[in-house]
Amino acid sequence: WAVTAPSDISYVNGILNELNQGLTEDPYRLRSANGAKLGDSDLYLYVLYRDIYDEDTAETITDNIYVCMPGDSADPDRCEIPDYDNATGSRPWAKANISAFYIADGVTGIGNYAFSGITTLKTLEIEDPSDLERVGEYAFNGCDQLRYSTNSPLDLSSVTELGQYAFNGCSSLSAVTLGSG
């Protein structure tokens, strides 16, 4: 089963265009149109970034936004953000000052500790929540600024496996919709 980088990245480009609406300077840019394969999964990561100058500290801060999507010819059984251990450095976005994470159609799960302790993560958007079947243990543990990107609750109604402490400490997440099971 040979997975390759997605040939259609219109989802990524749409997010990029939406983020840049109204910005007069220092727009978000796409780091690589080819993306990067995410571990042993059939998923690819795209990084949108913007340098922001902070006048108070006289420092430039890079804001990173990640987009995750299945590659072409992806095996649906390999379209889950992998499990990670509790070590922060094991995740590709761990020290990237990530503010948002977008999940495209076809991503079926979020692994253990995937975003645990990422206190800069503010926004989560799932293109099609009905594809998401699993959220692992401690997946968003300690993400105290996390909120869902729309005005509706985070839709986890298709999730059949929700790990313990998946949203522990997510004090800014105001509502979650769970399925009947």
Side-chain angles (χ1 to χ4, degrees), residues 9-23 28 38 41 43-50 52 61 63-70 74 76-77 79-86 88 90-181:
I9 62 167
S10 56
Y11 179 63
V12 175
N13 288 326
I15 294 166
L16 183 62
N17 291 335
E18 185 178 311
L19 290 169
N20 285 329
Q21 285 182 356
L23 289 180
Y28 282 92
L38 181 56
S41 74
L43 300 175
Y44 281 78
L45 286 178
Y46 293 86
V47 180
L48 309 175
Y49 70 99
R50 175 179 181 225
I52 304 166
I61 300 166
D63 178 30
N64 292 292
I65 294 174
Y66 280 67
V67 181
C68 182
M69 60 189 304
D77 291 334
C79 287
E80 182 174 298
I81 296 169
D83 288 335
Y84 293 96
D85 60 25
N86 195 13
T88 305
S90 66
R91 298 161 287 176
W93 47 80
K95 296 179 182 175
N97 202 30
I98 180 175
S99 67
F101 199 91
Y102 290 78
I103 298 175
D105 282 348
V107 177
T108 59
I110 300 169
N112 296 340
Y113 293 96
F115 300 95
S116 182
I118 308 292
T119 58
T120 58
L121 183 61
K122 296 177 185 174
T123 303
L124 173 67
E125 184 171 304
I126 304 169
E127 185 179 19
D128 185 358
S130 69
D131 288 342
L132 195 64
E133 300 169 356
R134 175 179 180 259
V135 177
E137 295 179 358
Y138 298 90
F140 295 95
N141 179 54
C143 296
D144 58 352
Q145 296 186 58
L146 179 67
R147 56 188 185 278
Y148 194 54
S149 66
T150 65
N151 290 327
S152 60
L154 173 58
D155 184 0
L156 299 179
S157 58
S158 294
V159 170
T160 56
E161 182 183 337
L162 182 62
Q164 67 179 356
Y165 304 108
F167 293 96
N168 181 52
C170 294
S171 56
S172 295
L173 189 61
S174 59
V176 176
T177 299
L178 299 173
S180 61

Steps toward side-chain hydrogen bond (donor to acceptor under 3.5 Å, both in side chains) verdict (T108, D131): CA-CA 5 Å; T108 59; D131 288 342; over 6 Å; no
Could you walk me through whether E127 and Y102 satisfy the side chain to side chain contact (heavy atoms under 4.5 Å, CB included) test, starting with their C-alpha distance in whole Å, then the side-chain angles of each, then the deciding distance to 0.1 Å, before giving a yes or no? CA-CA 7 Å; E127 185 179 19; Y102 290 78; over 6 Å; no
Under the criterion side chain to side chain contact (heavy atoms under 4.5 Å, CB included), I'd like the reasoning laid out for L132 against I110: C-alpha separation, chi angles, the key distance, then a yes or no. CA-CA 8 Å; L132 195 64; I110 300 169; 4.1 Å; yes
Evaluate side chain to side chain contact (heavy atoms under 4.5 Å, CB included) for F101 paired with I81, printing each intermediate quantity in order. CA-CA 12 Å; F101 199 91; I81 296 169; 3.7 Å; yes
Check the pair L16, Y46 against side chain to side chain contact (heavy atoms under 4.5 Å, CB included), reporting the backbone distance first and the verdict last. CA-CA 11 Å; L16 183 62; Y46 293 86; over 6 Å; no
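Contact of the I9 side chain with the Y44 side chain is not registered, since no non-hydrogen atoms from C-beta on lie closer than 4.5 Å. Within the 4.5 Å cutoff, the side chain of P92 has heavy atoms near those of the L45 side chain. Counting heavy atoms from C-beta on, the side chains of E133 and E161 never come closer than 4.5 Å. Between N13 and I15, every side-chain heavy-atom pair lies at or beyond the 4.5 Å cut-off. Within the 4.5 Å cutoff, side-chain heavy atoms of I61 are placed close to those of N97. For the pair L146/T123, no side-chain contact is recorded, criterion being any heavy-atom separation below 4.5 Å from C-beta on.
Take Y165 and apply the ring-ring contact (aromatic ring centres under 6.0 Å, His included) test, not counting sequence neighbours, and it matches Y138. With sequence neighbours excluded, the residues satisfying salt bridge (Lys or Arg N to Asp or Glu O under 4.0 Å) with D83 are R134. Annotation: side chain to side chain donor-acceptor pair (under 3.5 Å) contacts of Y11 (sequence neighbours excluded): none. With sequence neighbours excluded, the residues forming a side-chain contact (heavy atoms from CB on, under 4.5 Å) with S130 are D128, S158, listed by chain and number.
Pairing each heavy atom of R91 with each of S116, the nearest pair is NH1-O, 2.7 Å. When all heavy atoms of F115 and C143 are compared, the closest pair comes out as O-SG, 3.1 Å. For the pair L38 and C68, the tightest heavy-atom approach, listed with the atom from each and the gap, is CD2-SG, 4.3 Å. Between D155 and P129, the shortest heavy-atom distance links the atoms O-CB, 3.4 Å. The shortest heavy-atom contact between L23 and Y28 is CD1-CD1, 3.9 Å. Between L154 and I126, the shortest heavy-atom contact is CD1-CD1, 3.9 Å.
In this structure, W93 and Y84 have perpendicular ring planes: the angle between them is above 60°, well past the 30° mark.
The salt bridge (Lys or Arg N to Asp or Glu O under 4.0 Å) analysis of residues 163-178, with sequence neighbours excluded, yields no pairs.
Shown here is E18, whose CD atom has no more than 12 heavy atoms of other residues, nucleotides or ligands within 6.0 Å.
Q145 contributes a side-chain N or O that, together with a main-chain N or O of T119, makes up a donor-acceptor pair within less than 3.5 Å. Formation of a donor-acceptor pair under 3.5 Å by the R50 side chain with backbone atoms of L19 is not found in this model. A distance-only check finds no donor-acceptor pair linking the side chain of D63 to the backbone of Y49 [under 3.5 Å].
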Side-chain donor-acceptor contacts of residues 167-179 below 3.5 Å, not counting sequence neighbours, with atom names and distances?
| residue | atom | partner | partner atom | Å |
| --- | --- | --- | --- | --- |
| N168 | ND2 | N141 | OD1 | 2.8 |
| S172 | OG | D144 | O | 2.8 |

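To the nearest 0.5 Å, atom NZ of residue K95 and atom CG of residue N64 are 14.5 Å apart.
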